[in-house]
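The structure under discussion appears below in the form of structure tokens.
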Amino acid sequence: MDRILFPRSNFDDLRNCPIDKLEEDISRTSIRLKLQGNLATDHDRERYKQELDKLSVFKYISQLRKGKLSYEDFNQKVELTS
């Protein structure tokens, strides 16, 4: 399984922000994904995959902050980039 690439600066922001803000970001991204219509073009499918990856990372960070996911497990799923 390939790890999801995610900017370290964004990780740091989400790791330190109020948990309510992180949960709002998860909710907003999830709704945006549900509202996306027909994924007819490669570009649409790629944008959808990027949003889905972003949502996954948000959820992993939330689990990390709540102690439900270890740093080791997080690092197996996400690669932080500079």
Side-chain angles (χ1 to χ4, degrees):
M1 179 178 140
D2 291 335
R3 294 190 300 170
I4 301 169
L5 300 178
F6 194 76
R8 180 174 298 281
S9 60
N10 291 13
F11 169 78
D12 291 340
D13 290 344
L14 293 171
R15 182 79 173 106
N16 297 312
C17 74
I19 194 74
D20 291 346
K21 182 193 178 308
L22 178 56
E23 296 300 327
E24 283 178 26
D25 288 344
I26 290 170
S27 178
R28 193 174 11 259
T29 304
S30 180
I31 290 168
R32 193 168 42 246
L33 281 171
K34 288 177 185 175
L35 293 176
Q36 286 194 359
N38 186 10
L39 302 175
T41 68
D42 288 342
H43 178 72
D44 291 340
R45 286 187 286 277
E46 180 60 29
R47 282 186 34 220
Y48 181 83
K49 183 187 178 317
Q50 289 172 353
E51 282 291 305
L52 192 58
D53 285 350
K54 184 168 104 174
L55 176 62
S56 295
V57 174
F58 286 175
K59 288 180 177 181
Y60 295 147
I61 293 171
S62 177
Q63 292 172 354
L64 184 66
R65 290 184 62 173
K66 293 176 181 176
K68 296 179 181 178
L69 187 70
S70 70
Y71 274 109
E72 182 179 291
D73 290 339
F74 178 83
N75 287 328
Q76 288 178 359
K77 298 171 185 299
V78 179
E79 180 178 340
L80 298 176
T81 61
S82 47

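Here the structure is a predicted model, which is why all the values come from computation and not from measurement.
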CZ of R32: more than 12 outside heavy atoms within 6.0 angstrom? yes
Between L69 and L64, which heavy-atom pair has the shortest distance, and what is it? O-CD1, 3.2 Å
Do NZ/NE/NH1/NH2 and the carboxylate oxygens of E24 and K21 come within less than 4.0 Å? no
Residue list, salt bridge (Lys or Arg N to Asp or Glu O under 4.0 Å) with E23, at least two apart or on another chain: K66
Is there a salt bridge (Lys or Arg N to Asp or Glu O under 4.0 Å) between K49 and E46 once you walk through the steps? CA-CA 5 Å; K49 183 187 178 317; E46 180 60 29; 6.0 Å; no
Do Y48 and L55 land in one hydrophobic cluster if side-chain heavy atoms of ILVMFWY residues count as linked below 4.5 Å? yes
When rounded to the nearest 0.5 Å, the distance separating CG of N10 from SG of C17 is 11.0 Å
Can you list everything that forms a side chain to side chain donor-acceptor pair (under 3.5 Å) with R28? Sequence neighbours excluded, please. D25
Test side chain to side chain contact (heavy atoms under 4.5 Å, CB included) on D73 and Q63 and set out the steps. CA-CA 11 Å; D73 290 339; Q63 292 172 354; over 6 Å; no
S56 side, atom OG; E51 side, atom CD - distance, nearest 0.5 Å: 11.0 Å
Linked, directly or transitively: Y71 and F58 (ILVMFWY side chains, under 4.5 Å): yes
Contacts of F11 that satisfy ring pair (Phe, Tyr, Trp, His ring centres under 6.0 Å) - sequence neighbours left out: F74
Is L35 linked to L39 within one hydrophobic cluster, defined over Ile, Leu, Val, Met, Phe, Trp and Tyr using a side-chain heavy-atom separation of less than 4.5 Å? no
Look up atom CZ in R8 and atom CD in E79, then write down how far apart they are to the nearest 0.5 Å. 10.0 Å
Nearest-0.5 Å distance that lies between atom CD in Q36 and atom CG in L52: 9.5 Å
Testing the basics here: between V78 and F6, what is the closest heavy-atom pair and its distance to 0.1 Å? CG1-CB, 3.9 Å
Sidechain-backbone polar pair: R3 side chain, N75 backbone, donor-acceptor under 3.5 Å: yes
Any chance you could measure I4, atom CD1, to T81, atom OG1, to the nearest 0.5 Å? 12.0 Å
Which heavy atom in R65 sits nearest to a heavy atom in L22, and how many Å separate them? CD-CD2, 4.0 Å
